[in-house]
Structure formats: structure tokens, C-alpha cells
Amino acid sequence: MLDIKYIRENPDSVKQGVANKNSKIDIDKIIDLDRERRDIVTGMEALREKRNKASGEIAVMKKNKQDATAQIAAMKAVGDQISTDEERLRVVEEELGQMLLMVPNLPHETTPVGRDESANVEIRQWGSKPKFDFTPQAHWDIGTKLGMFDFERGAKISGSGFILYTNAGALLERALINFFLDVHVTRHGYTEVFPPFMVNTQTMTGTGQLPKMAEDMYQLNDQTMWLVPTAEVPVTNIYANEILAPTDVPKYMVAYTPCFRREAGAAGKDTRGLIRVHQFDKVEMVRIVRPEVSYQELDTITGHAESILQLLGLHYRVVELASGDISFAATKCYDLEVWAPGVGKYLEVSSCSNFSDFQARRMNLRYRPAEGEKPVFPHTLNGSGLALPRTVIAIIENYQTADGKIVVPEVLRPYMRGLEVIG
RNA sequence: GGAGAGGUGGCUGAGUGGUCGAUAGCGGCGGUCUCGAAAACCGUUAUACCCGCGAGGGUAUCCAGGGUUCGAAUCCCUGCCUCUCCGCCA
């Protein structure tokens, strides 16, 4: 969340930033509630001071066996007033808190301003589209023919948008997960973690999925647990409500999790094959860093995601998202889009974002810059490295042969029992 | 799932209604001593918020949330978590 002090002192820039994020939250209302809250607190604390002093006196009188009936009666009225104030404060803080949780992070000054993805900016490309002397097929045709996945039976056992990977498809999925993790651990210096796939509401609020995006996620029947939509959620929250020592920052963590998303409202739109599914695998990088280096760190993490595509030899482009297309919690974001010749599109396989101190504030994650100094909020970042299904699409479609087979990229062969060709 | 025990400052651990943000020890930091270190001794040791230009003042926090009371670490209720035993189980 945003610092209420910052909102109070910079209402105009907050309003502008929020508008650039396409949010209609009422900032003036927040400022009014904050004013009201402070008024109540001030009055209430004065009463408490009075009561604390009187309680001390009553204690002394009792000790000296004096009669304190009058003092006790007087404090009863003070106590009642404090209770009234507390009740009012609860109401005001509840409303203020709920509103603050709905305020998006402000876009960074370098983030292009724009309503939607049409204002996104292509930053660079790597490689080039492969040339085929035949018409490249879509992954759903090749993959099905090669027995890599079974859409019908996936839908039968779970529903549409759930994939049953089979044979080489299942092997490829597992190989990619291991390959991604190994690269990030051995070459990029991340620590591997394996978090729970179900999290509580507090955790989901910490990274910013709740309360706004509740309808995009799967909630379990007990109403307290949610299926993770990304490893960002459990991993970024690992140190929530803690104060990290100076030597504990930066933290670089990488994790594999399945990701569960309802994709409400996305039905029928670019959903064919593996393009958009309710459960998919992803390897996610998370960085907890000092504020002064976070934008440099964003370039670093983006580079780490890119290196995976480069090792796989897949052509991609880097797109910087416009303010209106950036996620709720982010200030700046780069998407990596890989070329998929079968479907004839660039597909998003990674999203690398800086969240500044927005998530750290929500989850009360702090660190001490140096021994003896006051704790401050670090910046958090994450980047997919990478999301699996669209990477699988890109491999199938880019590495397909005229006779309907797939050449396994060399870096994956050790992870696939030496398999060189699927089919 | 059943039965029991428990959650106090960085750690250990006192404290069952009243000047308790909290005794003590350890650890950390500073100092005395020393050529230096150890030992000993002395001092110090959290977080958040509110008011104030500031000096400073105030409030809250003993797992969390409610309640009782003039007053709660202490009593009551609910929740969460940990530990022990039993049961079940990949």
C-alpha cells in the first residue's frame, strides 16, 4: 500500500498516478478519513493519559488504605468516553484500511503513460523469426498428434482449461521446470525454495492479489485458504512481519509452483490449446532489495528471464507496459513475449516487475539498513523465469520439422534422458 | 481426529488485578582497566503511532481479536500457532 503520509502530503501526484493506473479510488475521501482518524486518536490519547495518571493515584490511595471512591467514579466517565472513541476509531480505521488496500501502486516516472496495452512500448528484440519451407502448424495439432497432451481427457477429469500432459509432453514439462531452476540457481545466484501451494488471506493480501482480485482466484471451501495464482505470493511473503538484518538483504529466491487462475471473463479469447489455462506451471524469481537499487535490479531480473529464452534459442521481444496495463501493485514492468510461429503471435511468457515498497508495506516486511539504524521497507521484485505452457508452445512451434516432429533444444536433452527428437 | 501443556523484549526466563514496557541472566553496543585481548566492573539495549518547526511531550504494544474493570502481561470468551501422548495416514 501507499504511505498514508505520502498521500496526505502529495495528494495531487497521488491522484495523477492513480488515474494513470485507471483506478477511480477517491483519494480525497481517504485524506478526510485520515484526518478524522488522527482527530479521534489525539483526543483519545489525552483521555488515556488522564486515566493512566489517575490509575496510578488510585493505586497509591488503595495501598495507603484511603478511600478512592470519588476518583474511581470520575474515571468511570472517562473510561466510557474512551470506549466511545475506540468504537468510532474502529469504524474509521476499518473504512480507511479497506480503502488503502484498494489504492494501486503509483507508476514510476519512467513508465509510459497510457490507458491500455496499445500504449505499451517495444524495448528490444532478440533473435529473429525462424523461416520455414512449409506452413508451420499450431502446437495443438502437432502436440496432439505426437501424444504430448490430451485436451479431451483433461477437460473430462477437471473441466475446460485443464491440461493432461502425456508421454513426451509430461517429460518436457518436468524437464523445463528443472532446467529453469538449475539455471537460476547455478548461474544467477538464486536460492531455491519450495513453498506451499495454498495460502491464507493475509498472505494473499500482502502481495496485493486481495482484496481486489478475489474473483480471479480459486478459494477453498473453508473460506480461509486460496490456491496460489503465482509463486510470487508465497515466496514474497516468506519474511512478512519480520525485520531482516542488514546482511540478509538482498534476498534472491526462486521457486517452482503450479499457478491456479480462474481467468474469469477471458473465455473464448486467445484460449486455444495451451495459451490460457486454469492451472499452469511456472518458475518465479523473487528479489528483496534495497530501495536505491531496485530499478537496476529490475533490469537484472529481466535479463535473467531473457537468458532462459536465449538458451532455448527462442526469438522474443521485450515490451515495457504502459501505466494502464501494469498490474495493481507494480510501478514498472517488462513483459517478455516469445514468438510462436504456429499461432502467428508473440506470447507473454514472463512479466518482470518492480513493486517498490508497496508489497513490503502491506506485509510489514522491513530490514535494517545497518546495525543500529531504524528498520525501513525494502523493495520487492519478481519475474517469471518462465511460465511453462507458452514456453512449451514456443518450443513445439519453433522446433517443428516438415514431417511433424519436434527437435528437442540441446540444453533440454540432459533433462529428457537424452531425447533428441519427439516423434 | 482425541487428550493434555504452552505462547512474555534478539535468546533464556520471572511475573495471577494497581506507580509493569515489564525482574534476572545471556547476547549486542559503548566505556573503565590493558601494549592488546580475556576477565571484572560501569553504562546502554524494541517497535509503531499521535501532537510539536524544534527541544520535547504523549499513547499503544507481554501470539491475535473481543470482553470484564476506575485500572489487565495477569481474569473471561474466540481464533491462530507450537509442543507431548494416542489414533489415522503418503
Side-chain angles (χ1 to χ4, degrees), chain A residues 1-9 30-101 194-206 210 219-226 234 237-249 258 357-378:
Chain A
M1 65 177 77
L2 298 184
D3 183 1
I4 183 65
K5 270 194 208 133
Y6 183 83
I7 298 177
R8 193 189 298 154
E9 288 159 14
I30 288 174
I31 291 170
D32 288 347
L33 284 169
D34 174 51
R35 180 73 257 170
E36 191 179 352
R37 185 187 126 263
R38 283 148 68 216
D39 288 345
I40 297 169
V41 164
T42 307
M44 197 175 74
E45 288 186 348
L47 289 176
R48 281 186 172 152
E49 179 184 2
K50 195 169 167 185
R51 185 180 70 183
N52 285 346
K53 289 205 171 115
S55 287
E57 287 163 14
I58 291 169
V60 171
M61 292 175 81
K62 291 253 181 188
K63 207 172 191 176
N64 297 337
K65 306 272 195 251
Q66 290 174 285
D67 178 37
T69 318
Q71 283 77 0
I72 288 173
M75 280 309 107
K76 171 98 176 117
V78 172
D80 289 347
Q81 182 58 47
I82 290 172
S83 295
T84 308
D85 286 352
E86 280 173 341
E87 183 51 38
R88 268 179 68 216
L89 184 65
R90 237 196 310 272
V91 171
V92 170
E93 284 193 328
E94 171 65 19
E95 188 175 3
L96 178 60
Q98 287 303 316
M99 286 192 78
L100 280 174
L101 286 176
F194 198 99
F197 300 160
M198 290 187 265
V199 298
N200 58 33
T201 296
Q202 185 189 318
T203 297
M204 211 59 123
T205 306
L210 289 179
Q219 183 174 24
L220 301 190
N221 244 340
D222 70 356
Q223 303 286 299
T224 70
M225 301 290 276
W226 306 75
N237 275 283
I238 288 174
Y239 299 103
N241 292 310
E242 294 189 34
I243 301 173
L244 297 174
T247 48
D248 285 337
V249 174
D357 61 2
F358 188 83
Q359 294 181 326
R361 273 181 200 285
R362 288 171 85 100
M363 67 179 72
N364 193 28
L365 160 64
R366 289 167 298 169
Y367 79 103
R368 220 177 276 283
E371 218 43 75
E373 285 186 26
K374 293 218 165 265
V376 297
F377 295 110

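Side-chain atoms are counted along with the backbone in the values below, which use heavy atoms only and exclude waters and symmetry mates. In the text below, chain A, chain B and the rest are named by the order of the sequence lines, each starting its count at 1.
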Considering residues, nucleotides and ligands other than A:Met61, do more than 12 of their heavy atoms fall under 6.0 Å from its CE? yes
Checking N1-N3 plus N6-O4 or O6-N4 for Watson-Crick, or N1-O2 and O6-N3 for wobble, each under 3.5 Å, the partner of B:U16 is none
Can you pull the side chain to side chain donor-acceptor pair (under 3.5 Å) pairs that have at least one residue in residues 195-206 of chain A, sequence neighbours excluded? A:Asn200-A:Thr203, A:Thr201-A:Trp226
Both distances under 3.5 Å, Watson-Crick or G-U wobble: report the partner of B:C26, or none. B:G10
Between B:G2 and B:C88, how far apart are the C1' atoms? Round to whole Å, please. 11 Å
For the P atoms, the ones on B:G31 and on B:G36, what distance do you get once it is rounded to whole angstrom? 13 Å
Sub-4.5 Å side-chain heavy-atom contact between A:Arg38 and A:Arg8: yes
Between B:G18 and B:C75 - C1' atom distance, rounded Å: 14 Å
Looking only at atom P, what distance separates B:C41 and B:C53, rounded to whole Å? 47 Å
Going by purine N1 to pyrimidine N3 plus the second Watson-Crick contact, or the G-U wobble pair, all under 3.5 Å, which nucleotide sits opposite B:U32? B:A40
Under a 4.0 Å heavy-atom cut-off, which of residues 55-65 of chain A touch RNA chain B? A:Ser55, A:Ile58, A:Ala59, A:Val60, A:Lys62
May I ask which nucleotide in the shown strands pairs with B:G4, Watson-Crick or G-U wobble, both distances under 3.5 Å? B:C83
If we check side-chain contact (heavy atoms from CB on, under 4.5 Å) with A:Ile4, which of these qualifies: A:Leu33, A:Ile30, A:Ile31? A:Ile30
Would one find a side-chain N or O of A:Asn52 under 4.0 angstrom from OP1 or OP2 of B:U19? no
What does the B/S/- profile of nucleotides 44-51 of chain B look like, 5' to 3', with a 4.0 Å heavy-atom cutoff to protein? ---SSSBS
Distance, P atom - from B:U16 to B:C11, rounded to whole angstrom: 23 Å
Rounding to the closest angstrom, what is the interatomic distance between B:C20 and B:G58 at atom P? 16 Å
I need the single residue from A:Glu87, A:Arg88, A:Glu94 that forms a side-chain contact (heavy atoms from CB on, under 4.5 Å) with A:Val91. Which is it? A:Glu87
With rounding to the closest Å, how many angstrom separate the P atoms on B:A73 and B:U8? 16 Å
Which whole number of Å gives the distance between the C1' atom of B:C33 and that of B:A72? 47 Å
Picking from B:G67, B:C70, B:A60, which would you name as closest to the side chain of A:Arg48? B:A60
My understanding is that a pair needs two contacts under 3.5 Å, Watson-Crick or G-U wobble. By that rule, which nucleotide pairs with B:G56? B:C51
